[in-house]
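All remarks here apply to the structure that follows.
A note on names: the letters A, B, ... follow the listed sequences, proteins ahead of strands, and every chain is numbered from 1. What you are looking at is a predicted structure, and each value in this text was computed from that prediction instead of being measured.
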2 protein chains.
Amino acid sequence: MADVARLAGVSSQTVSRVSTGHPGVVGSTREQVLAAMKQLGYRPNSAARALKRGEFRTIGVILFTLATTGNSRTVEAIANHAAEEGYAITLIPVASPTQDGLLGAFTRLGELAVDGVIVIMEVHLLDAVTVVLPPGAQVVVVDSDAGDRYTVVDTDQADGARQAVRHLLDLGHRTVWHLTGPAGSFASQRREDAWRAILTEAGRPIPEVRHGDWSAESGYRAGLELAAEPGCTAVFAANDQMALGLLRAFHERGRRVPHDVSVVGFDDIPDAGSFIPPLTTVHQDFAAVGRLCVRAVLRQIRHEITEPGTTLVPTRLVVRASTAPAPAA
Amino acid sequence: MADVARLAGVSSQTVSRVSTGHPGVVGSTREQVLAAMKQLGYRPNSAARALKRGEFRTIGVILFTLATTGNSRTVEAIANHAAEEGYAITLIPVASPTQDGLLGAFTRLGELAVDGVIVIMEVHLLDAVTVVLPPGAQVVVVDSDAGDRYTVVDTDQADGARQAVRHLLDLGHRTVWHLTGPAGSFASQRREDAWRAILTEAGRPIPEVRHGDWSAESGYRAGLELAAEPGCTAVFAANDQMALGLLRAFHERGRRVPHDVSVVGFDDIPDAGSFIPPLTTVHQDFAAVGRLCVRAVLRQIRHEITEPGTTLVPTRLVVRASTAPAPAA
DNA sequence: CTTCGTAATGTTTGCGTAAACATATCCGGC
DNA sequence: GCCGGATATGTTTACGCAAACATTACGAAG
């Protein structure tokens with residue numbers, strides 16, 4: 001900066017004013033400074049800036065994996081909106097969902113240059129290590145019910161599940177079977193609870209749930225079992241990938257979808273419309289989740305109101321070709 | 001830090017030594033300092049640290065989207081390996097592949113606190129704005145052939161395509177049709193070139209290519225056309241999602257896969273094994289790509305040898321159920 | 001018992017920036 | 001023509017940390 005100042009024949013403070021866009025610098029001076037900056041290839045040192053200003057203009061995002069559609073789409077939305085607001089985002093992957101992995105991630109995080117943190121995981125996992133969280137603001141997202149302690153943004157899992165089950169019931173199915181996500185996933189738990197609630201409310205029998213792990217492979221294995229259940233005419237899978245596995249299992253076992261069995265997924269991944277048959281599923285607005293997260297952290301960073309609470313993003317049932325009226329008994 | 005020093009009854013320099021793990025601090029003193037740190041909830045300020053040391057311990061990753069399997073898996077691998085090495089990663093999303101979007105991203109990047117950059121896109125797009133790149137080290141990845149100017153790490157696209165086409169030819173197919181990715185994608189171009197080369201080499205007719213955009217939907221549209229081509233018994237799709245669309249189109253048109261038509265994809269996404277039928281595809285080792293990228297940037301950051309050049313990560317054909325011998329004419 | 005070497009700790013300094021304060025310049029009004 | 005007040009620019013300082021150098025303490029060798 002001093003070099004630029006020298007070259008432009010001004011003080012370094014004036015250079016600073018130009019580089020931060022502060023007012024009070026007359027046109028001709030500004031021009032000179034800009035020219036000098038360009039000539040010298042000056043770029044402000046963000047570390048010094050951060051040190052001086054006491055903020056990093058960076059948001060940390062902590063998550064287990066980018067491999068699930070939901071996570072990567074949410075992160076992408078977060079990154080885009082943060083960028084719009086002039087914030088960078090730092091990814092903090094937790095290698096493994098063990099105490100060690102978490103601790104490691106949070107230790108790193110503690111030293112990280114972030115003004116706020118978005119946590120994409122069930123927050124109870126954090127409790128053991130939460131002390132290490134930097135004093136900055138935090139938002140907890142997807143997969144948590146800690147709305148009493150944190151600001152939570154999440155898809156309205158319950159309503160999504162409700163729409164899915166209701167759709168199948170309306171189609172005349174006597175009941176709906178359910179394939180869950182992995183234990184420990186709050187989203188999965190929520191969807192299962194809602195499914196059970198609707199069936200109970202409607203006075204329908206509640207079939208035993210099958211447990212999957214989000215993967216298509218686990219859906220396939222569950223599908224093989226369900227194909228053997230005579231009464232099974234409708235299945236609600238907790239995500240689209242498992243639904244894909246279901247589809248394959250039913251196909252292999254000669255159970256036609258949707259003629260013999262109806263299948264509904266959750267997520268509405270881009271491929272869902274190209275499954276065989278195209279999948280009826282619950283659309284999640286990941287972009288909205290990401291946007292709201294960013295907005296919420298920024299609000300906290302800027303010390304605006306910071307009440308804990310949960311913001312729910314609505315879902316929408318997308319009816320395609322994997323559901324049909326129940327087969328005549 | 002001064003507070004900690006005061007509480008522990010030592011100088012701030014000793015606190016610094018403890019916090020950075022430098023040697024030359026006797027056990028009892030260290031204990032006291034650690035206790036004081038804990039009591040005061042001290043965390044080192046990384047901005048000050050970065051300013052002092054002249055490095056950020058951060059790597060920037062610039063890309064268009066996280067929505068493609070390849071990108072998100074690569075980023076995940078990068079994040080994990082960077083974390084192992086004590087580096088954080090900052091995501092720099094380019095909103096749109098326009099000049100403006102790029103410029104914006106690179107302007108942000110210029111001011112960003114990164115020691116190195118990993119670029120996940122065709123590097124020619126950068127040429128117009130390349131001046132803005134920070135003086136730090138860079139690695140260019142997936143989707144580029146700028147091995148003469150940069151360090152490039154990429155999947156061996158050509159060999160992957162070769163294996164796919166060779167497999168189909170070996171199965172007795174007279175020729176192989178091809179569905180490309182979007183124009184402007186180097187990976188897609190590479191796969192297409194290799195496909196063409198093999199066919200030429202084998203003296204087979206070269207069907208006109210169909211153009212997709214990586215999406216299953218585009219694969220479906222292409223599939224509808226290909227289903228109408230009487231001579232089409234084998235298709236090589238440039239990625240798995242388009243292959244999925246192909247599968248659906250063929251299914252709808254009554255062209256049985258693999259009995260009537262064989263389909264090969266590229267990527268080996270986790271779902272590929274659950275397609276109907278399970279997809280034969282070229283497996284990409286995204287984890288290796290990510291790991292090599294990190295290793296390469298770090299080498300440059302540490303001023304070790306920094307010759308431009310391309311590192312190719314091998315692929316592997318995974319044969320599942322979507323390919324079979326050519327139907328008898 | 002002195003001297004020297006080494007290990008432990010303390011003091012000074014500057015990294016690049018921008019806020020706070022200080023100074024210079026210019027203009028209009030009387 | 002002189003003064004008050006804006007406006008443009010310069011000077012000083014501190015942000016938190018860790019290198020570099022300085023000091024102290026202590027034990028071993030002579």
Side-chain angles (χ1 to χ4, degrees), chain A residues 1-38 40-58 86 88 108 110-115 134-136 301, chain B residues 1-37 40-58 86 88 108-115 134-136 301:
Chain A
M1 192 156 92
D3 298 339
V4 174
R6 202 170 312 120
L7 179 60
V10 299
S11 77
S12 64
Q13 181 54 40
T14 300
V15 176
S16 167
R17 278 194 266 259
V18 171
S19 108
T20 52
H22 271 228
V25 179
V26 86
S28 60
T29 314
R30 156 171 280 107
E31 294 307 318
Q32 277 181 317
V33 173
L34 289 174
M37 278 181 175
K38 191 159 194 177
L40 265 45
Y42 167 81
R43 11 206 78 270
N45 177 313
S46 53
R49 221 168 234 197
L51 175 59
K52 188 72 180 115
R53 301 213 268 216
E55 60 164 28
F56 306 99
R57 309 228 98 206
T58 296
R108 257 176 285 135
E111 309 187 351
L112 228 49
V114 297
D115 302 311
I301 290 172
Chain B
M1 191 157 93
D3 299 338
V4 175
R6 201 169 315 119
L7 179 60
V10 299
S11 75
S12 64
Q13 180 55 38
T14 301
V15 176
S16 166
R17 276 192 268 258
V18 171
S19 108
T20 53
H22 270 227
V25 179
V26 85
S28 60
T29 313
R30 156 172 278 110
E31 294 306 318
Q32 277 181 318
V33 173
L34 289 174
M37 279 182 174
L40 266 46
Y42 168 81
R43 4 209 83 268
N45 176 314
S46 53
R49 214 168 242 195
L51 176 58
K52 185 70 179 123
R53 301 212 267 219
E55 59 164 27
F56 306 97
R57 309 228 99 207
T58 295
R108 257 176 288 137
L109 179 59
E111 308 186 351
L112 227 50
V114 297
D115 302 311
I301 291 172

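- From B:Ser19, atom OG reaches atom CZ of B:Arg49 across 4.0 Å, with rounding to the nearest 0.5 Å.
- Smallest separation of non-hydrogen atoms from A:Arg57 and A:Asp115: N-OD2, 2.5 Å.
- A heavy atom closer than 4.0 Å to some atom of DNA chain C occurs in B:Val26, B:Thr29, these being the qualifying members of residues 26-36 of chain B.
- Between the CG atom in A:Leu51 and the OG atom in A:Ser46 there is a gap of 11.5 Å [rounded to 0.5 Å].
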Worked verdict on A:Thr29 versus A:Arg17 for side chain to side chain donor-acceptor pair (under 3.5 Å): CA-CA 11 Å; A:Thr29 314; A:Arg17 278 194 266 259; over 6 Å; no
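- Under the rule for a side-chain hydrogen bond (donor to acceptor under 3.5 Å, both in side chains), A:Thr58 has no partner lying at least two apart in sequence or in another chain.
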Where protein sits on nucleotides 11-23 of chain C, one letter per nucleotide: B base, S sugar-phosphate only, - none, heavy atoms under 4.0 Å: B--BBBBBBB---
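- The one candidate from B:Val10, B:Asp3, B:Leu34, B:Thr20 that meets the side-chain contact (heavy atoms from CB on, under 4.5 Å) condition with B:Val15 is B:Val10.
- Across all non-hydrogen atoms, the minimal contact from A:Ala50 to B:Ala47 is CB-CB, 3.7 Å.
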